[in-house]
Number of protein chains: 4
Amino acid sequence: MEEVSSRQTEGPPLRADAQRNRIRILVAADEVFTENGPGASTEEVARRAGVAIGTVFRHFPTKGDLLGAIMKRLLVELIESAGQRGGGEGLFEFFTELTAQASYKRTVVGLLESGGTAVRLPEAVGHLTEAVGGLLSEAQAAGTVSPDVALPEVMALLVSVTHGAVHGGWDAELRERTLAVVFAGLRPR
Amino acid sequence: MEEVSSRQTEGPPLRADAQRNRIRILVAADEVFTENGPGASTEEVARRAGVAIGTVFRHFPTKGDLLGAIMKRLLVELIESAGQRGGGEGLFEFFTELTAQASYKRTVVGLLESGGTAVRLPEAVGHLTEAVGGLLSEAQAAGTVSPDVALPEVMALLVSVTHGAVHGGWDAELRERTLAVVFAGLRPR
Amino acid sequence: MEEVSSRQTEGPPLRADAQRNRIRILVAADEVFTENGPGASTEEVARRAGVAIGTVFRHFPTKGDLLGAIMKRLLVELIESAGQRGGGEGLFEFFTELTAQASYKRTVVGLLESGGTAVRLPEAVGHLTEAVGGLLSEAQAAGTVSPDVALPEVMALLVSVTHGAVHGGWDAELRERTLAVVFAGLRPR
Amino acid sequence: MEEVSSRQTEGPPLRADAQRNRIRILVAADEVFTENGPGASTEEVARRAGVAIGTVFRHFPTKGDLLGAIMKRLLVELIESAGQRGGGEGLFEFFTELTAQASYKRTVVGLLESGGTAVRLPEAVGHLTEAVGGLLSEAQAAGTVSPDVALPEVMALLVSVTHGAVHGGWDAELRERTLAVVFAGLRPR
DNA sequence: CATGAATGAGCGTTCATTCAT
DNA sequence: AATGAATGAACGCTCATTCAT
């Protein structure tokens, strides 16, 4: 799964060591940008990955490309996670999981919103929206979410609350209480 | 009101021209940081304000001071706005107004979260929290908000949704639909 | 004496308050440059003198002029001190006094050497040289200094040792021991 | 000898081109700081060395590091020079050589005194003091220096006179005459 | 391909100097 | 004459990006 989502998709296949470096860089970048925000230096990423700075730029010609690649990886993970859920509670579960994860994966949201260095991944985001749309439909079919609710506001809440959890430094209790309000708003009266 | 909240409050009164520049810088900074995030350059702020770079630093000795000043101005405005509301619908109105405003004032939230260059205004934030707490109490007394809801999650939702509105570029309809879910979650069942 | 050496010598006479400011600035500058070296800021001098920065520049159009004025004041003091001495030991006494003073008046030497912002005061320095020359002649007449010694090397040693005392942070003992060597070198064999 | 004292001593060996640049920067810095004092700009050093400003900072992360490196280089040279001398006249020779060198190497002393940007090289300075102490002992043993003279005042004179020679712009004759006085002071009566 | 030295635009900040008040 | 706000060149330093090795 890791290998799939990380493999570059255009051009000739990479040599084994190049492929290994690519992943090490992505992992390091995830850590670094998580800890220090998108303003963190690319040198630091290289250092953490144990490669030279030139290697980072060979794999990702600009810093934006690097940020974009991290984001893509995360989106793919999220989409998979969403795809594995279902039923009346699937949407609520996904919502909860995402918010909890966000506490220790600031990148998730910071980048979803193209913070700082602008990044566009409309395609991948589209896939996530589809997956969440599936969960919403199932929940409405099961009667756990009001039929008045539509996908755009669900996505909007998902992103907002996840961002809030990350940047507001919410603890477990605050996360739970906040989600309780949102969930109450989603359920049928 | 604008003049009041922008006047500096310590030291001797500023000369008329200095006071004028101070405001021009704040306005320019608001625009610039809104458009380009807190990483935008102080030079750009000076250029936009039509003053030399030294003038910006004379008024705000560090970039952080400038960011802090903007934030303070905005918080003061918010607190005043909250203070002027009340009754069963006051909290909902304030929520709505804030979210709508945020569409054209990205700074509001971007800075509330002290993104990047750290800014601390605990006192002013505390005042805002108090004001919102007042609105919440009134609403609960009037029976328009469930007694199970507490202030922390209201603040959390306020910040999250406002941020989402800004950075997600929500249009009026999406704002309305998203708030509808949140309000439904706040109201008693 | 103070007033004499500080009065400006060209143009119309100064108003009383201007004259007072001129002296306050010189005193402040002496302190500031003594404490922080010639790199200290002119603002700091103004602050210490209790005047606005514009006033400093009205009296001394450039920073160099200010440094030059301080130096002139000090030279005048030195010349007077030298002029009051005489006899076989006068030169040794002056040497000793200067070195001791320098310990708490770094400016004396720092500026004698036109440190940093170049300053030229050939005229005043000439006067000091003359005064020291007088002391040297008297000492040689009295037989306390070797007839082989000439004025240039005496001045050279004066400046060098004074500088060393200042910047080397010599304590009283080291000053005494170092001067003992120099004096032994000056005396006839 | 030059190459030895200039090679950096920690971390992996530098690439040939980096090593070349490192030396060019040191040489340029020596010139620039000699001509304009420690306040001279790092840009000027880069220009003189024919490299970009970033290269200077890659080799010496702060201006202080650059100043420190120059100083270290010079101290090493001095220590070696002192170490190669000996006998009754060694101290006098070293003194003379140092003073003469200083005429075209202002940095020698300017930095020995850590002017302006503070630099600390206590260890290297200690080595120099030891070397001079050796020369002093030998001279006293040979009877060419009075037993009353101790190391601290010898160092004090060394620094003072060398500084004077540099900043006073002494010509060969003045150097000789001044040293004659100092040497007479050092010799036994 | 990987390396890491070099580049240079750009940033935040300082400060001598000018000039409107 | 005094004030102090405004100016803008210059500085130390960072970092995304390029390219010789």
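Proteins come first, then strands; the chains are lettered A, B, ... in the order of their sequence lines, and each starts at number 1.
- For C/H59 and F/dA1, the shortest distance from a side-chain N or O to OP1 or OP2 is not below 4.0 Å.
- Here E/dA6 presents its C1' atom at 16 Å from CZ of D/R22, a figure rounded to the nearest Å.
- In this structure, CG in D/L67 is found 14.0 Å from NZ in D/K72, a value given to the nearest 0.5 Å.
- Listed candidates were E/dA16, F/dA2, E/dC1. Nearest to the side chain of C/K63 is E/dA16.
- For the pair D/Q19 CD and E/dA6 P, the interatomic distance rounds to 11 Å; values are reported in whole Å.
- Atoms CG (D/L66) and P (F/dC13) sit 10 Å apart, rounded to a whole Å.
- Taking atom CG on C/N36 and atom P on E/dT14, their separation rounds to 15 Å, with Å as the unit.
- Side-chain N/O atoms of C/N21 include one lying less than 4.0 angstrom from OP1 or OP2 on F/dA2.
- Taken from CZ in C/R22 to NE2 in C/H59, the straight-line distance is 7.5 Å, to the nearest 0.5 Å.
- Considering all non-hydrogen atoms of both residues, C/D30 and C/L74 come closest at OD2-CD2, 4.4 Å.
- Here the CD1 atom belonging to C/I70 is positioned 8.0 Å from the CZ atom belonging to C/R73, to the nearest 0.5 angstrom.
- Between F/dT21 and E/dC1, the distance separating the two P atoms is 22 Å to the nearest Å.
- Comparing the helix axis at one end of the helix from E/dA2-F/dT21 to E/dT21-F/dA2 with that at the other, each defined from 5 consecutive pairs, gives an inter-axis angle of 10° (nearest 10°).
- Using a 4.0 Å cutoff on non-hydrogen atoms, the parts of residues 47-55 of chain D near DNA chain E are D/V51, D/A52, D/I53, D/G54, D/T55, ordered by number.
- Closest-nucleotide positions on DNA chain E for C/F57 and B/F57 were compared, and the one nearer the 5' end corresponds to B/F57.
- Scanning both residues, A/F57 and A/K63, for their nearest heavy atoms gives CE2-N, 4.4 Å.
- For the pair B/D65 CG and E/dT14 C1', the computed distance is 15 Å after rounding to whole Å.
- In this structure, OG1 in C/T42 is found 11.0 Å from CZ in C/R47, a value given to the nearest 0.5 Å.
- Summarising the geometry of C/F33 relative to C/A40, their closest heavy-atom pair is CE2-O, 3.7 Å, with the distance given to 0.1 Å.
- The phosphate of F/dC15 (OP1 or OP2) has no side-chain N or O of A/T42 nearer than 4.0 angstrom.
- For the pair A/E43 CD and E/dT3 P, the interatomic distance rounds to 13 Å; values are reported in whole Å.
- Among the protein residues, C/A40 comes within range of the sugar-phosphate backbone only, with heavy atoms under 4.0 Å from sugar or phosphate atoms but none that close to a base.
- In this entry the distance linking CZ of C/F33 with C1' of E/dC15 reads 12 Å, nearest Å.
- In this structure, the CG atom of B/D17 is 9 Å from the C1' atom of F/dG4, given to the nearest Å.
- Salt-bridge formation is not detected for the pair D/E43/D/R48: no Lys NZ or Arg NE/NH1/NH2 atom is positioned less than 4.0 Å from an Asp or Glu carboxylate oxygen.
- Distance check: B/D65 CG to B/F60 CZ gives 8.5 Å after rounding to the nearest 0.5 Å.
- Take the nearest nucleotide of DNA chain E for B/S41 and for C/T62: the residue whose nucleotide is more 5' is B/S41.
- Phosphate contact (OP1/OP2 of E/dA6, side-chain N/O of D/R58, threshold under 4.0 Å): absent.
- The two residues C/V45 and C/I25 make their nearest non-hydrogen contact at CG1-O, 4.0 Å.
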